[in-house]
Protein chains: 2
Amino acid sequence: MCGFEGFVPVDGLPIYLQIVRYVERGVVAGSIAHGDELPSRRTLSAQLGVNPNTVQKAYRMLEEEGLITSRSGAKSEVCAPPDLVAALRSKLLEQEITAFVRSLRQSGLEKEAALELIDRLWEQKEESV
Amino acid sequence: MCGFEGFVPVDGLPIYLQIVRYVERGVVAGSIAHGDELPSRRTLSAQLGVNPNTVQKAYRMLEEEGLITSRSGAKSEVCAPPDLVAALRSKLLEQEITAFVRSLRQSGLEKEAALELIDRLWEQKEESV
DNA sequence: CCAACTGTATTATAACAATAATACACTTTC
DNA sequence: GAAAGTGTATTATTGTTATAATACAGTTGG
């Protein structure tokens, strides 16, 4: 049913974009599947402690993206055909890794040091997700 | 003199925060050193194509952070004592890598696949920075 | 000295993000 | 059928981001 369990709001990025990103990542990871129901606007807004309009803005964007479908009166459903998911996965990974590599390089880190850091932090955060 | 050469504006994050982040990373990387002069508010705003007030907001934040000093009439200078730089380096790396690892894990990627991707993209972006 | 440049401050405006309070029509469920 | 829950829409308000146009006092360099 997609309960937004691991959702961690971070400041800097607008909340509605964080909601969009959460669903996109879930679909790419497979934890959110085609046909799954999303929580209603009101339910999720209460759960996250934000305004219903903020959730609506996120769902609106997801619908324009083709990732969810909404019919008035019923809950919104995830629409995730394989080709869309594949394209989304490539897009997200490319974006994130590119930005990350650029930032680490700008911080003066060598590749080997970066890989080692990630290797260690990966284990460290293993349970906290 | 710190010319903001590799500055790449990204949408999502406010510009003034991107300017702050750029200086912070430069100091951590050593490409911006103690005593270096920053471009004036007006010069940098023209160079980046943004409003002088936006640059001022960034410089203000950097000054409150203790990373630059400003005296009215003269150019602002970088103030980067070793202990401040070390603390900043730890803070930035911890923040970025933690967020990155969480996002990749949320996207369903395994550690080995992630490390391999980064290893490959690192070489690929080697010249573009 | 003095012109040019510098930091700083002020006021106004526009766009966006987020909240708040409704209202209406549709679907689900008992 | 009716109540509860749902998507959708509207209007208003607040705060932040960014721009624009100034103004003033201090520093620098010829």
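Numbered from 1 within each chain, the chains take letters A, B, ... in sequence-line order.
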Roughly, in whole Å, what's the span from CG in B/N53 to P in D/dA18?
11 Å

Rounded off to whole Å, could you give me the NZ-to-P distance for the A/K75 and D/dG5 pair?
11 Å

Would a distance-only check, ignoring hydrogens and angles, find a side-chain to backbone donor-acceptor pair under 3.5 Å from A/Q18 to A/L13?
yes

Taking 4.0 Å as the cut-off, does a side-chain nitrogen or oxygen of A/S70 come that near to OP1 or OP2 on D/dT6?
no

Candidate nucleotides C/dA18, D/dT27, D/dT19, ranked by approach to the side chain of A/I15 - the nearest:
C/dA18

Quick one: B/Q56 CD to C/dT8 P, roughly how many Å, whole number?
6 Å

Round to the nearest Å and state the distance from B/K57 atom NZ to D/dT17 atom P.
4 Å

Determine the interplanar angle of the A/Y22 and A/F4 rings, folded into 0 to 90°, and report it as parallel if under 30°, tilted if 30 to 60°, perpendicular if over 60°.
parallel

Applying a 4.0 Å non-hydrogen cut-off, can you work out what B/Y59 is touching in the nucleic acid: base, sugar-phosphate, or nothing?
nothing

Check this for me: B/E116, atom CD, are more than 12 non-hydrogen atoms of other residues, nucleotides or ligands nearer than 6.0 Å?
no

Check this for me: does any side-chain nitrogen of one of A/E96 and A/R25 sit under 4.0 Å from a carboxylate oxygen of the other?
yes

I need the CG-P distance between B/L44 and C/dC5, as an integer number of Å.
17 Å

Rounded to whole Å, how long is the line connecting atom CD1 of B/I68 with atom C1' of C/dT6?
13 Å

Kindly say whether B/V28 contributes a backbone atom to a donor-acceptor pair with the side chain of B/R89 at under 3.5 angstrom?
yes

D/dT6, OP1 or OP2 - any side-chain N/O from A/S76 closer than 4.0 Å?
no

What are the two closest non-hydrogen atoms of B/E110 and A/W122, and how far apart are they?
C-CZ2, 3.9 Å

Which sits closer to the 5' end of DNA chain C, A/T54 or A/G73, going by the nucleotide each is nearest to?
A/T54

State whether A/S72 places a side-chain N or O below 4.0 Å from either non-bridging phosphate oxygen (OP1 or OP2) of D/dT6.
no

Bend angle of the helix from C/dC1-D/dG30 to C/dC30-D/dG1, from helix axes over five pairs at each end, nearest 10°
30°

At less than 3.5 Å, do the side-chain atoms of A/R42 and the base atoms of D/dG7 form a donor-acceptor pair?
yes

From CD of B/E63 across to C1' of C/dT6 the rounded distance in Å is 14 Å

The answer to which of A/V50 and B/R41 contacts DNA chain C further toward the 5' end, by nearest nucleotide, is B/R41

For A/Q47 and A/G3, indicate whether the former's side chain and the latter's backbone hold a donor-acceptor pair under 3.5 Å.
yes

C/dT6 C1' sits how many Å from B/E37 CD, rounded?
11 Å

Look at B/Y16 and D/dT17 and indicate whether a side-chain polar atom (N or O) is within less than 4.0 Å of OP1 or OP2.
yes

